[in-house]
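The structure displayed is predicted, hence computed values, not measured ones.
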Amino acid sequence: MNQVSNRFSSTRSGNNHISLVDGKNGRLIYRGINTMELAVHYTFEEVCYLIWNSTLPSKEELITFKEKMYAKRRLPKHILNILENLPSEMEFMSILRTCISALGSKNYTWKPTLEQAIEITSVTPTIIAYIYRKKRGMDFIPPSLDKGHVENYIYMLTGEIPREAQVKALNAYLILTMEQGVNASTFAARVITSTESEMVSAVTGAIGAMKGSLHGGAPSKVIEMLNKIGDKENAELWLRCRLECGQKIMGFGHYIYKAPDPRALALREVTRSLLGQNKLLDLAYFVEQTVIRLLKEYKPGRKIYTNVEFYAAAVLRAVDIPEILFTPTYTASRIVGWTANILDQSKSRKLFNPQVLYEEIFPK
Ligand code: ACO
């Protein structure tokens, strides 16, 4: 029998100019700008531009950029054919991965370009909305070419024009989850790009990584917890029982952030305007306060704060995005970070060729 060591799992694999994850001080920075500020004061389109171009757009640049993005929302005919013909029981993320992969039948050759990044990012919400509505037995709503990226996404899912507060909350969520250093899926995208394979292959591979339950599935567990608590009156007893048994509370604590998770703080801020309008969000605010108080009592001195998953779940629910759409929606935002990393990686001619230690373990 032989065994492969896991030493590779935390090897430093290059420099990153796109985002900084500063866990000690609770900061997430995109291209030099704090995401707290971006999430509250900027739009999805502006932050896309920043992540891809390293600078925020001028007014004129933003107009041209939006025109380009919105024009790419329509489903290409062959993608529509694929969507119509894939088996209905196929899993959501597998359909999305297949469709993104099929975008490669167009002229997506090496080297990756910004135009390709724009196209993949713009068409993904349309594919997601199509899959969602088909799974629910509803007719497809074609994209509107004059709505903002976030407004159009909600419109294609629900058929309704969302309220401003909903757009603001989802806009913040999408911005805060666009990019997070070189995590597992981003690393997958970089590895594929390092072989000089085209952008569509790299994004397809990244979706494969995102699809795994350890990466993209966390907010569902928070919803499960909030559903079990059900009402403010039950919160304290339910949470105490869990802590007494030594169990963890979902949506609290983080591997890297040992200060308040900036993404959770920003989401809490933007959802204030939705308070009183959504029962789950109201419950989430109450549960958070209770957990913070109880963690001080049960885990004094540990640096455990609310993490992004806690508010991600509440925000998505507050804007009427059901659980089946959690991971696809996360994917629709993270595509921006993946494509920025793919463009960055394509400048280097270095092939990732990891060394893994071979250890022979034979019984003597
Ligand atoms: N609830 C209760 N106690 C907790 C929690 C929690 N959520 N998180 C940590 N603790 C306690 C631990 O029990 C431990 O207590 P002890 O010192 O008495 O043994 C202490 O705090 C330190 O915990 P660690 O496990 O060392 O913290 P670590 O940083 O390794 O773990 C982790 C981080 C795994 C995320 C953990 O906080 C956790 O399981 N949280 C709940 C699950 C969750 O929300 N996951 C999503 C994370 S965000 C993301 O992945 C994008």
Worksheet entry | Joint cluster assignment, Tyr298 & Ile229, ILVMFWY side-chain distance < 4.5 Å | yes
Worksheet item: Listed by chain and number, what are the side-chain hydrogen bond (donor to acceptor under 3.5 Å, both in side chains) partners of Arg31, not counting sequence neighbours?
Response: Ser54
Discussion item. Which residue in the set Leu239, Leu243, Thr306, Thr290 passes side-chain contact (heavy atoms from CB on, under 4.5 Å) when paired with Leu295?
Written reply: Leu243
Extract all donor-acceptor atom pairs below 3.5 Å that involve side chains of residues 33-40 and protein atoms in other chains or at least two apart in sequence.
from	atom 1	to	atom 2	distance (Å)
Asn34	OD1	Met36	N	3.1
Thr35	OG1	Leu28	O	2.8

Discussion item. Going by side-chain hydrogen bond (donor to acceptor under 3.5 Å, both in side chains), name the residues that satisfy it together with Arg293, two or more places apart in sequence or in a different chain.
Written reply: Glu236
Practice prompt. Please determine if Lys111 and Glu198 form a salt bridge, counting it only when a charged side-chain N lies under 4.0 Å from a carboxylate O.
Written response: no
Worksheet item: Which heavy atom of Leu325 sits nearest a heavy atom of Ile128, and at what distance?
Response: CD2-CG2, 3.5 Å
Discussion item. Enumerate the ring pair (Phe, Tyr, Trp, His ring centres under 6.0 Å) contacts for residues 146-176, please, sequence neighbours excluded, ordered by first and then second residue.
Written reply: Phe44-His149
Worksheet item: Is the backbone of Asp22 close enough, under 3.5 Å, to the side chain of Arg27 for a donor and an acceptor to pair up by distance?
Response: no
Worksheet item: Is Arg190 close enough and on-axis enough to Phe187, meaning under 6.0 Å and within 45°, for cation-pi?
Response: no
Response to the item:
Scanning both residues in full, the closest heavy-atom pair of Asp146 with Arg73 reads N-NH1, 4.5 Å
Worksheet entry | Same apolar cluster (I L V M F W Y, side chains within < 4.5 Å links), Leu145/Ile79 | no
Item to complete: For this output row, return yes or no: ring centroids of Phe326 and Phe92 closer than 6.0 angstrom.
Response: no
Discussion item. Just to verify, what does Asp282 make a side-chain hydrogen bond (donor to acceptor under 3.5 Å, both in side chains) with, not counting sequence neighbours?
Written reply: none
Item to complete: Identify whether Ile141 and Tyr132 are in the same connected component of the hydrophobic contact network (ILVMFWY, side-chain heavy atoms under 4.5 Å).
Response: no
Worksheet item: Just by modelled atom types, is the Arg163 backbone N or O under 3.5 Å from a matching donor or acceptor in the Gln166 side chain?
Response: yes
Worksheet item: Strictly under 6.0 Å, is that where the ring centroids of Tyr305 and Phe252 end up?
Response: no
Item to complete: First locate atom CD1 of Ile161, then atom OG of Ser144, and finally report the distance between them rounded to the nearest 0.5 Å.
Response: 7.0 Å
Worksheet item: Got a sec, which residues hit salt bridge (charged side-chain N to carboxylate O under 4.0 Å, His left out) with Arg349, two or more places apart in sequence or on another chain?
Response: Glu196
Worksheet item: Below 4.0 angstrom, N of the basic side chain to O of the carboxylate: do Lys72 and Glu115 qualify?
Response: no
Item to complete: Work out which heavy atom in Ala264 is nearest to a heavy atom in Tyr311; give both atom names and the distance.
Response: O-CD1, 3.9 Å
Response to the item:
Shortest non-hydrogen pair, Phe310 vs Met225, comes out as CE1-CE, 4.0 Å
Worksheet item: Cut-off 3.5 Å, side chains only: do Trp338 and Ser185 have a donor facing an acceptor?
Response: yes
